[in-house]
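Some notes on the structure that comes next.
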Amino acid sequence: MTSFISAWIWSERFWLPENVTWADLEHPPPGVEYPRLWNMLYAFPLAAVVYFLRLLFERLVAKPCAHILQIQAGVPRQAQPNAILERLYQSKSPDERQLEGLSKQLDWDVRKIQRWFRVRRNQDRPSTQKKFCESMWRFTFYLAIFIYGINHLWSTSWMWDTRECWQNYPFQPLSPEQHSYYLVELAFYWSLMFSQFIDIKRKDFVIMLVHHLATILLITFSYGNNMIRAGSMVMCVHDASDIFLEAAKMANYAKYQRLCDGLFVLFSISFFICRLVIFPFWIIHSVLVESWEIAGPYRAWWMLNGLLLVLQCLHIIWFYLIMGIAIKAIFRGKVAKDDRSDVESSSEEEICSSTDPSRNQTLKGNSRTSNLNGEAHDH
């Protein structure tokens with residue numbers, strides 16, 4: 001049974017083009033290295049390292065920067081201890097019927113109970129300082145990995161002629177730079193995947209979960225299938241726009257509104273160019289059309305292209321939300337609150353929102369400063 005399941009999971013007819021076997025990839029010519037899927041297992045311990053580095057970075061680098069910019073942590077108002085309300089809060093938000101029942105049970109009026117839930121929710125809201133630290137970590141990572149990726153891709157032939165991605169496929173040598181690039185990106189997304197359950201709660205949790213899963217599957221499967229040339233371009237394109245998003249959020253947390261607005265414009269432009277022009281018309285076109293012409297389709301080919309199309313659908317949804325922010329900015333004169341919020345707040349002054357078109361973060365302002373929705377993604 002075990003051998004049957006293993007043979008079904010690693011079926012050569014599914015994963016590889018016609019007339020190619022796993023044995024062909026396991027025995028490359030002397031001096032040549034092909035990707036081996038088990039190498040991606042190193043991403044799990046590396047993801048723990050990435051998360052640990054994030055904690056150190058936020059404490060030793062980002063937090064001092066927040067203090068310099070006078071971004072304070074703040075102490076939220078504490079809700080009055082109440083075991084009954086706390087138990088309900090942990091499970092779900094009460095409806096009108098439950099509120100009336102609680103009012104009778106506790107001998108509180110309904111408005112007092114609603115006020116308790118607002119205060120309790122605000123207790124769980126992350127401070128502006130925490131969100132600044134999180135954004136600074138992501139900004140640093142995206143900038144560093146983008147520089148590394150574009151530096152490697154700039155000197156390759158397939159970046160300028162995408163048909164080169166499929167010449168002699170799948171027998172294309174793996175360089176150490178490609179292996180490191182893939183491993184670090186995969187580890188980062190696994191760390192995002194795990195930390196999503198303990199980080200800031202967001203309204204678009206499910207969308208970001210789908211995004212992270214699709215990205216992890218794409219990175220893993222493209223590595224195992226040696227679609228690394230196209231895959232490295234996908235990762236680089238996604239990292240580019242996220243740099244401006246995280247920079248805009250940091251500016252907003254620091255209350256540099258003009259800088260925030262300018263960076264948000266750059267983010268919107270880069271998002272449109274990278275994810276709605278280059279990604280579909282350059283990269284997806286190559287994976288769908290050019291690979292069909294040169295290497296031919298096979299079963300896993302359909303799945304990988306399906307995942308790319310899922311990502312593109314998410315890009316369209318996110319760009320729609322970005323345009324909503326931009327339209328509000330035109331009428332209000334500044335970047336306005338977005339439609340996707342992390343935690344419901346009790347007043348206009350406490351509203352915060354999150355947008356990550358490829359990888360999702362929160363941007364907070366007060367009644368005079370506005371919020372950006374952030375994921376980043378972010379791939």
Side-chain angles (χ1 to χ4, degrees), residues 46-74 125-150 184-185 187-196 198-202 208 212 235 238-268 270-271 325 335 338 340 342-343 352-366 369-379:
L46 188 57
V49 173
V50 169
Y51 185 72
F52 180 69
L53 286 175
R54 169 192 162 181
L55 297 179
L56 286 179
F57 180 89
E58 290 182 0
R59 178 180 291 271
L60 302 178
V61 179
K63 197 170 182 179
C65 290
H67 285 307
I68 293 173
L69 295 171
Q70 297 182 342
I71 302 174
Q72 303 301 322
R125 287 179 57 217
S127 67
T128 304
Q129 183 184 100
K130 178 171 176 55
K131 291 184 287 185
F132 175 87
C133 293
E134 182 180 313
S135 289
M136 189 172 182
W137 158 251
R138 295 193 184 215
F139 168 80
T140 304
F141 178 85
Y142 294 145
L143 180 61
I145 201 68
F146 174 76
I147 292 173
Y148 182 89
I150 198 67
V184 172
E185 285 275 15
F188 179 73
Y189 276 99
W190 273 119
S191 72
L192 287 183
M193 183 78 165
F194 297 140
S195 63
Q196 187 177 2
I198 57 178
D199 275 346
I200 302 164
K201 295 180 182 179
R202 294 184 174 87
M208 290 311 303
H212 294 336
M235 294 188 297
H238 279 74
D239 290 331
S241 58
D242 289 327
I243 297 170
F244 296 106
L245 174 64
E246 300 304 330
K249 291 190 295 185
M250 288 192 294
N252 197 37
Y253 296 140
K255 299 183 181 179
Y256 293 118
Q257 190 61 47
R258 289 187 178 180
L259 178 60
C260 170
D261 293 347
L263 288 168
F264 182 76
V265 170
L266 291 176
F267 161 69
S268 302
S270 65
F271 187 93
I325 302 175
V335 176
D338 190 20
R340 298 154 57 193
D342 22 20
V343 183
C352 65
S353 305
S354 65
T355 328
D356 181 354
S358 49
R359 303 144 174 139
N360 192 27
Q361 313 290 335
T362 308
L363 191 71
K364 180 190 172 195
N366 56 21
T369 58
S370 54
N371 304 347
L372 283 177
N373 184 337
E375 178 64 175
H377 222 298
D378 310 13
H379 303 274

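Source: prediction; values computed, not measured.
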L266 versus F244, closest heavy-atom pair with distance: CB-CD2, 3.9 Å

Spatial distance of atom CZ (F139) from atom CD (E134) [nearest 0.5 Å]: 15.0 Å

Contacts of type side chain to side chain contact (heavy atoms under 4.5 Å, CB included), residue L259, not counting sequence neighbours: A251, Y256, L263

Atom of S195, atom of Y51 and distance for their closest heavy-atom approach: CB-CE1, 3.8 Å

Residues forming a side chain to side chain contact (heavy atoms under 4.5 Å, CB included) with Y148, sequence neighbours excluded: E177, S180, Y181

Please output the side-chain donor-acceptor pairs of residues 52-66 that fall under 3.5 Å, not counting sequence neighbours, one pair per line with the distance.
unit_1, atom_1, unit_2, atom_2, d
R54, NE, E58, OE2, 2.9
R54, NH1, D199, OD2, 2.9
R54, NH2, D199, OD1, 3.1
R54, NH2, D199, OD2, 3.2

Beyond-backbone contact of D239 with E185, side-chain heavy atoms, under 4.5 angstrom: yes

Exercise: identify the closest heavy-atom pair between F267 and S241: CD1-O, 3.2 Å

C133 SG to M250 CE distance, which is reported to the nearest 0.5 Å: 10.5 Å

Under the ring pair (Phe, Tyr, Trp, His ring centres under 6.0 Å) test, residues paired with F132 that sit two or more places apart: none

Spatial distance of atom NZ (K255) from atom CG (L69) [nearest 0.5 Å]: 12.0 Å

Criterion ring-ring contact (aromatic ring centres under 6.0 Å, His included) on Y142 and F146, from CA distance to verdict: CA-CA 6 Å; Y142 294 145; F146 174 76; over 10 Å; no

Close side-chain approach of F188 to F141, heavy-atom, < 4.5 Å: yes

Atom pair CD1/CD1 of I145 and I243 - distance to nearest 0.5 Å: 10.5 Å

Nearest heavy-atom neighbours spanning Q129 and I71: NE2-O, 3.0 Å

Where A47 and S191 come nearest, the two heavy atoms and their spacing: O-CB, 3.7 Å

